[in-house]
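Numbers for residues simply follow the sequence, beginning at 1.
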Amino acid sequence: MTSDDILERRLLDRVRALGGPVAVAYSGGADSALVLAAAARALGPERVLAVTAVSESLADGELSRARHLTDDLGIVHLAPRTDELSQAGYRANGPDRCYFCKSEVLDTITALAHEHGFDLVATGTNADDAADPHRPGIRAGRERGIRTPLLDAALTKADVRRLSRHWSLPTWDKPATPCLASRVRHGIEVTSYRLARIDRAEKAVRALAAGAGVRGMRDLRVRDLGDLARIEVDPALVVRIAALPGIAEALTEAGFAGVSHRVEAFRSGRLNFEA
């Protein structure tokens with residue numbers, strides 16, 4: 001038995017152990033996509049429901065990309081609107097913002113799942129997530145009895161990508177796509193306007209890079225730091241992106257008028273370590 005086979009058995013055993021139909025909180029990322037595929041294999045697609053929360057914090061294009069996999073798997077896919085911005089704790093954007101976000105999202109998904117006859121809800125929380133001290137959203141899931149088959153099977157992010165590739169899932173190497181609110185420095189209020197301008201700015205930078213023939217851009221974040229827009233890209237591309245003509249104008253058009261900018265190397269979760 002290969003190591004891929006061992007990972008597969010561990011995960012499928014955990015999904016079968018759920019004992020019933022399951023709704024998956026499906027963001028479209030590699031983790032929840034693997035849970036979705038595992039549930040389809042272990043339980044049958046007719047006993048699986050995919051639910052993607054749609055709000056101002058979801059980057060443009062993510063929902064349509066997420067639908068490709070559910071269509072391929074033959075799984076019903078619902079996309080309810082959620083209103084994280086109605087939560088004062090979310091808008092305040094403290095270090096616990098994700099708790100309020102996940103509470104809103106999971107409550108919406110759970111209620112919708114129950115309406116469709118699905119009593120169990122699972123997320124793509126993996127073993128690395130559980131070990132990360134900057135994941136307050138995990139507490140929201142535990143309080144609600146949300147299932148975590150990747151964590152229960154002790155699959156790390158590397159394991160997720162490996163098994164996803166073994167199963168030929170298109171998400172196996174998809175870069176992490178956290179919500180747009182994760183780009184706003186803690187302590188700065190999260191608003192619809194801030195989320196929208198971040199989304200527009202990231203699309204503009206990608207378009208400029210593509211137009212200039214820049215290839216290999218995997219990670220991109222436009223961090224809203226209040227008086228500064230920090231563009232973070234793959235380290236090898238920092239110099240080329242910083243030199244792109246029209247980047248200041250593009251940021252202004254996106255909504256960062258009067259805000260200076262700089263380009264630096266991407267670091268995942270960087271705002272968790274900055275005051």
Engineer: Verify salt bridge (Lys or Arg N to Asp or Glu O under 4.0 Å) between Arg267 and Glu274, making sure each step is shown before the conclusion.
Structural biologist: CA-CA 12 Å; Arg267 179 185 174 191; Glu274 296 180 344; over 6 Å; no

Engineer: Go through Arg200 and Asp60 one step at a time and tell me if the salt bridge (Lys or Arg N to Asp or Glu O under 4.0 Å) criterion holds.
Structural biologist: CA-CA 9 Å; Arg200 290 192 297 265; Asp60 185 52; over 6 Å; no

Engineer: Hydrophobic cluster membership, with links at side-chain heavy-atom distances under 4.5 Å among I/L/V/M/F/W/Y: are Leu180 and Leu225 in one?
Structural biologist: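 In one cluster with Leu180: Leu225, no.
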
Engineer: Applying the side chain to side chain donor-acceptor pair (under 3.5 Å) test to Ser55, which of Arg81, Glu84, Glu104 qualifies?
Structural biologist: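 It is Glu84, the one option of Arg81, Glu84, Glu104 that forms the side chain to side chain donor-acceptor pair (under 3.5 Å) with Ser55.
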
Engineer: For a side-chain contact (heavy atoms from CB on, under 4.5 Å) check, start with the C-alpha distance between Glu232 and Leu220, then their side-chain angles and the critical distance, and finish with the verdict.
Structural biologist: CA-CA 6 Å; Glu232 297 182 16; Leu220 168 66; over 6 Å; no

Engineer: Treating Ile, Leu, Val, Met, Phe, Trp and Tyr as nodes and any side-chain heavy-atom pair under 4.5 angstrom as an edge, say whether Val48 and Val51 lie in one connected cluster.
Structural biologist: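 Shared cluster, no.
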
Engineer: Does the side chain of Ser32 come under 3.5 Å of the side chain of Ser27 through a donor N or O and an acceptor N or O?
Structural biologist: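 Yes, a side-chain donor-acceptor pair sits under 3.5 Å.
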
Engineer: For a quick test of reading the model, state the closest non-hydrogen atom pair linking Thr52 to Pro80 and the distance between them.
Structural biologist: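 Closest heavy-atom pair between Thr52 and Pro80: O-CD, 3.3 Å.
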
Engineer: Between Arg135 and Thr125, does the side-chain hydrogen bond (donor to acceptor under 3.5 Å, both in side chains) criterion hold? Intermediate values first, please.
Structural biologist: CA-CA 10 Å; Arg135 298 276 184 161; Thr125 301; over 6 Å; no

Engineer: Under 4.5 Å between side-chain heavy atoms, counting indirect links through other Ile/Leu/Val/Met/Phe/Trp/Tyr residues: same cluster for Ile198 and Leu63 or not?
Structural biologist: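 Ile198 does not cluster with Leu63.
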
Engineer: Carefully, step by step, assess Lys174 and Glu62 under the rule salt bridge (Lys or Arg N to Asp or Glu O under 4.0 Å).
Structural biologist: CA-CA 12 Å; Lys174 183 182 179 183; Glu62 285 300 306; 2.8 Å; yes

Engineer: Would you kindly confirm whether Val15 and Leu120 end up in one hydrophobic cluster when ILVMFWY residues are joined by side chain heavy atoms under 4.5 Å apart?
Structural biologist: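 Yes; tracing contacts between hydrophobic side chains, which count when under 4.5 Å, links both residues.
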
Engineer: If you apply the rule side-chain contact (heavy atoms from CB on, under 4.5 Å), what do you find for Asn272 with His186, and how did you get there?
Structural biologist: CA-CA 8 Å; Asn272 291 325; His186 290 314; 3.5 Å; yes

Engineer: Step by step, would you call Val222 with Glu202 a side-chain contact (heavy atoms from CB on, under 4.5 Å)?
Structural biologist: CA-CA 6 Å; Val222 174; Glu202 291 187 355; 3.5 Å; yes

Engineer: Is Leu12 reachable from Ile75 through a run of hydrophobic residues whose side-chain heavy atoms are each under 4.5 Å from the next?
Structural biologist: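 Yes, same cluster.
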
Engineer: Is a side-chain donor or acceptor of Tyr90 paired with a backbone partner of Val190 at a separation under 3.5 angstrom?
Structural biologist: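 Not at all, since once roles are kept as given, no pair shorter than 3.5 Å links the two residues.
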
Engineer: Do Tyr26 and His77 have their ring centres less than 6.0 Å from each other?
Structural biologist: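 Yes.
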
Engineer: Hey, are Asp159 and Thr156 close enough side-chain-wise for a donor-acceptor pair under 3.5 Å?
Structural biologist: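 Distance-only check passes for Thr156 and Asp159.
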
Engineer: Using every non-hydrogen atom in the two residues, find where Ala122 and Val22 come nearest and quote the distance to one decimal.
Structural biologist: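 For Ala122 versus Val22, the nearest heavy atoms are CB-CG2, 3.8 Å.
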
Engineer: Pair Glu264, Arg223 - check salt bridge (Lys or Arg N to Asp or Glu O under 4.0 Å), show working.
Structural biologist: CA-CA 11 Å; Glu264 297 183 4; Arg223 310 283 193 192; over 6 Å; no

Engineer: Apply the test side-chain hydrogen bond (donor to acceptor under 3.5 Å, both in side chains) to residues Gln87 and Tyr99: give CA-CA distance (whole Å), side-chain angles for both, the deciding distance (0.1 Å), then the verdict.
Structural biologist: CA-CA 10 Å; Gln87 304 290 327; Tyr99 173 81; over 6 Å; no

Engineer: Please tell me if the side chains of Arg194 and Ile188 come closer than 4.5 Å, counting only heavy atoms from C-beta onward.
Structural biologist: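 Answer yes - side chains close enough.
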
Engineer: Would you check, one step at a time, whether the test side-chain contact (heavy atoms from CB on, under 4.5 Å) holds for Leu150 with Leu11?
Structural biologist: CA-CA 7 Å; Leu150 298 179; Leu11 179 56; 3.8 Å; yes

